[in-house]
Amino acid sequence: MPTRILLAESDDVLRASLAEQLEQEGYDVVPASNAEETCTAARENLSFAIIGLSDGEPLAARLREQGLSCPLLLLTDGETQSAQEYLAR
């Protein structure tokens, strides 16, 4: 069974491109374009989550509260706090 990755990205072109690349590497990609789709998709059995939405930090906290326990990667635009600062909270 391939590794299942949640890919949350609001930019349709970027999401499709990333999904295609991940699928070519053999991953099963669960795409989401907004917070609601992400929360719904997070109920599935996931191995990894990539969150590239503008509300990624509060969404990540919400997903953890809902029981998401897989590794989670936040993609930021560089204007938000660093990942290390976020993880330190």
Side-chain angles (χ1 to χ4, degrees):
M1 173 184 283
T3 301
R4 181 168 249 184
I5 296 177
L6 168 60
L7 175 60
E9 171 57 54
S10 58
D11 182 292
D12 295 337
V13 174
L14 181 56
R15 185 177 61 254
S17 176
L18 289 171
E20 181 180 350
Q21 290 174 17
L22 290 166
E23 288 168 346
Q24 287 175 356
E25 293 297 321
Y27 297 103
D28 180 19
V29 177
V30 180
S33 64
N34 58 48
E36 287 308 309
E37 288 179 9
T38 301
C39 287
T40 299
R43 294 183 187 125
E44 298 189 32
N45 185 20
L46 300 169
S47 303
F48 197 82
I50 301 171
I51 310 293
L53 302 173
S54 61
D55 57 350
E57 291 178 29
L59 179 58
R62 181 174 162 193
L63 293 172
R64 290 293 189 220
E65 288 171 4
Q66 293 177 351
L68 182 69
S69 61
C70 69
L72 193 147
L73 174 66
L74 289 175
L75 304 178
T76 67
D77 58 8
E79 294 179 14
T80 57
Q81 64 188 0
S82 74
Q84 286 185 342
E85 290 170 344
Y86 177 73
L87 292 174
R89 285 200 254 160

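Since the structure is predicted, the reported quantities are computational estimates derived from the model, not experimental observations.
- The distance from the CG atom of L59 to the CD atom of Q66 is 8.5 Å, given to the nearest 0.5 Å.
- Under the 4.5 Å side-chain criterion, counting only non-hydrogen atoms from C-beta, L68 is in contact with C70.
- Residues D55 and A35 share a closest heavy-atom pair of OD2-CB, 3.7 Å.
- Side-chain N or O atoms of E44 include none that pairs as donor or acceptor with a backbone N or O of L46 at under 3.5 Å.
- A search for side chain to side chain donor-acceptor pair (under 3.5 Å) contacts involving E23 returns nothing, not counting sequence neighbours.
- Closest heavy-atom contact between R15 and S33: NH1-CB, 3.3 Å.
- Annotation: side chain of C39 is in contact with side chain of L63 (closest heavy-atom distance under 4.5 Å).
- Annotation: the span from L53 atom CG to L74 atom CG amounts to 9.5 Å, rounded to 0.5 Å.
- Here the CG-OH distance, from L7 to Y27, works out to 13.0 Å after rounding to the nearest 0.5 Å.
- Minimum heavy-atom separation, A41 to V30: CB-CG1, 3.6 Å.
- Annotation: the span from I51 atom CD1 to S10 atom OG amounts to 11.5 Å, rounded to 0.5 Å.
- The closest donor-acceptor contact from the side chain of T40 to the backbone of E36 lies under 3.5 Å.
- Nearest heavy-atom pair across A8 and T38 is CB-OG1, 3.3 Å.
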